[in-house]
Asks: 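Mind having a look at this structure? Questions to follow.
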Amino acid sequence: MRTDKVVATAGEALAGVRDGASFAVGGFGLSGIPNVLIRALYDSGVTGIGVVSNNCGVDGGGLGVLLAAGRIARVTASYIGDNKEFARQYLAGELEVELTPQGSLAERLRAGGAGIPAFYTPAGVGTPVADGGLPLRHHPDGSVALASPAKEVRTFDGRAYVLEHAITTDFALVRAAKGDRFGNLVFAKAARNFNPLAAMAGRVTIAEVEELTELDPDEVHLPGVFVQRVVPLTAEQAADKAIEKRTITEPKGGVGS
């Protein structure tokens, strides 16, 4: 195993990616997304990929760039959100989508990284998540082409739980506020979100870091054992952070009060 995991560019860090590969991608909306790596993945030309992420970016941003280019074949996510192209491709039968409860998605990624093959959770019991029938893929006319199968349900101490399987992927792409040459990472506030979990699930995890530095072991959020490649960002790249929505609240009493 390499001790120094620093790679000069995002393009070099993506060595070995191929058509049809699967990717766990950190971020929530546009918070903490590995934007530089996503752009480099787009530039690599790979297609037919599978993506596991909380959502699939927004129209024209984040994973939405790959989605709009038709590079993504399958998405496992917790919601579609306001991404109109995501919804269009799903309903038109161009994209296979597995929707899963957000907490279950987080634990499936963590379990994959921890070597736990499956676990039981009460989330989804009594719904199509457990009973099956969620549309995974549609026909072009909008009818269901492929539905999710029923999952195993067991009772523990009088309560029903559904079996969820862990997730592992070929690659993971994440973004951290700070990292060192050994792959140890620190995340900033809400940008921590799904990044540590996605990093754990990838067989080859690539982290773009806003600051490459030495870290105190007590401040590390994710140990370097889960990270294979580290890409230091330029100051311009580190500062380039899109905002999904801006909300302006009028003062109490309205304008002019």
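All residue numbers refer to positions in the sequence shown, counting from 1. Everything numeric in this text was worked out from a predicted model, so none of it was measured.
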Asks: Distance check, rounded to the nearest 0.5 Å: Glu96 atom CD versus Arg74 atom CZ?
Replies: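 Those atoms lie 4.5 Å apart.
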
Asks: Any side-chain to backbone donor/acceptor pair from Asn35 onto Ile38? Under 3.5 Å, distance only.
Replies: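 No: the side chain of Asn35 does not pair with the backbone of Ile38.
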
Asks: Taking Tyr161 for its side chain and Phe119 for its backbone only, find out whether a donor-acceptor pair lies under 3.5 Å.
Replies: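 No, because the side chain of Tyr161 does not come within donor-acceptor range (under 3.5 Å) of the backbone of Phe119.
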
Asks: For Phe171, what residues pass the ring pair (Phe, Tyr, Trp, His ring centres under 6.0 Å) criterion, not counting sequence neighbours?
Replies: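 Ring pair (Phe, Tyr, Trp, His ring centres under 6.0 Å) check on Phe171 returns Phe23.
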
Asks: Please enumerate all residues that pass side chain to side chain contact (heavy atoms under 4.5 Å, CB included) together with Asp19, with sequence neighbours excluded.
Replies: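 Testing Asp19 for side chain to side chain contact (heavy atoms under 4.5 Å, CB included), a comparison that skips the adjacent residues, returns Val46, Thr47.
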
Asks: Out of Thr100, Leu197, Val52, which residue meets the side-chain contact (heavy atoms from CB on, under 4.5 Å) rule with Arg108?
Replies: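 Answer after filtering Thr100, Leu197, Val52: Thr100.
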
Asks: Taking only residues two or more places apart in sequence, or in another chain, which ones meet Ala191 in a side chain to side chain contact (heavy atoms under 4.5 Å, CB included)?
Replies: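 By the side chain to side chain contact (heavy atoms under 4.5 Å, CB included) rule, Ala191 matches Ser31.
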
Asks: If only atom types and distance count, is the side chain of Ser78 paired as donor or acceptor with the main-chain N or O of Asn54 below 3.5 Å?
Replies: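 Indeed, once roles are kept as given, a pair shorter than 3.5 Å links the two residues.
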
Asks: Could you work out, with ring pair (Phe, Tyr, Trp, His ring centres under 6.0 Å) as the rule, every residue matching Phe182, not counting sequence neighbours?
Replies: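 Once residues adjacent in sequence are excluded, Phe182 has no partner under the ring pair (Phe, Tyr, Trp, His ring centres under 6.0 Å) criterion.
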
Asks: Check side chain to side chain contact (heavy atoms under 4.5 Å, CB included) between Ala77 and all other residues, then give those that pass, not counting sequence neighbours.
Replies: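 Testing Ala77 for side chain to side chain contact (heavy atoms under 4.5 Å, CB included), a comparison that skips the adjacent residues, returns Val75.
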
Asks: Treat each ILVMFWY residue as a node, draw an edge where side-chain heavy atoms are under 4.5 Å apart, and state whether Leu63 and Tyr79 are in one component.
Replies: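 No.
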
Asks: Taking 4.0 angstrom as the limit, do Glu98 and Arg137 come out as a salt bridge?
Replies: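 Salt bridge: no.
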
Asks: Find the distance between OG1 (Thr127) and CG (Leu134) and round it off to the nearest 0.5 Å.
Replies: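 If I round to the nearest 0.5 Å, the distance is 7.0 Å.
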
Asks: Using a strict 4.0 Å threshold on nitrogen-to-oxygen distance, state whether Asp170 and Arg203 make a salt bridge.
Replies: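 The answer is yes: the pair qualifies as a salt bridge.
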
Asks: Side chain of Glu85, backbone of Ala68: donor and acceptor closer than 3.5 Å?
Replies: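 Not a single qualifying donor-acceptor pair exists.
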
Asks: Would you say Leu109 and Val25 are hydrophobically clustered, going by side-chain heavy atoms of ILVMFWY under 4.5 Å?
Replies: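 The answer is no; the residues belong to distinct hydrophobic clusters.
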
Asks: Kindly say whether Gly224 contributes a backbone atom to a donor-acceptor pair with the side chain of Lys5 at under 3.5 angstrom?
Replies: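 Checked: pair present.
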
Asks: Stepwise, does the side chain to side chain contact (heavy atoms under 4.5 Å, CB included) test hold for Leu163 with Val153?
Replies: CA-CA 6 Å; Leu163 182 69; Val153 176; over 6 Å; no

Asks: Parallel, tilted or perpendicular, judged at 30° and 60°: which one describes the rings of Phe28 and Phe194?
Replies: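 Aromatic pair Phe28/Phe194 classed tilted.
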
Asks: Calculate, to the nearest 0.5 Å, the distance between atoms CG and CZ belonging to Leu66 and Arg39 respectively.
Replies: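 Atom-to-atom, Leu66:CG and Arg39:CZ are 8.5 Å apart.
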
Asks: Quick one: does any side-chain atom of Thr234 pair with a main-chain N or O of Gln237 as donor and acceptor, under 3.5 Å?
Replies: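 Side chain of Thr234 to backbone of Gln237, a donor-acceptor pair under 3.5 Å: yes, one is there.
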
Asks: Which Ile, Leu, Val, Met, Phe, Trp or Tyr residues join Ile116 in one cluster when any pair of side-chain heavy atoms under 4.5 Å counts as a link?
Replies: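 When side chains under 4.5 Å apart are linked, Ile116 ends up in no cluster with other residues.
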
Asks: If we ignore hydrogens and angles and just use 3.5 Å, is the side chain of Asp180 paired with the main-chain N or O of Thr213 as donor and acceptor?
Replies: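 Side chain of Asp180 to backbone of Thr213: no pair is present.
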
Asks: Establish whether Val36 and Leu30 are linked, either directly or via other cluster members, by ILVMFWY side-chain heavy-atom contacts under 4.5 Å.
Replies: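 No, it is not one cluster - the side chains of Val36 and Leu30 are not joined through contacts under 4.5 Å.
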
Asks: Rounded to the nearest 0.5 Å, what separates atom CZ in Arg88 from atom CG in Leu67?
Replies: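 Rounded to the nearest 0.5 Å, the CZ-CG separation comes out at 8.5 Å.
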
Asks: Among Leu185, Leu233, Val186, Val227, which residue meets the side-chain contact (heavy atoms from CB on, under 4.5 Å) test with Val209?
Replies: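 Single pass found, and it is Leu185.
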
Asks: Between His138 (side chain only) and Tyr90 (backbone N and O only), is there a donor and an acceptor less than 3.5 Å apart?
Replies: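 Yes.
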
Asks: Is Glu210 salt-bridged to Lys178, cutoff N-O under 4.0 Å?
Replies: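 A salt bridge is absent here (no side-chain N lies under 4.0 Å from a carboxylate O).
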
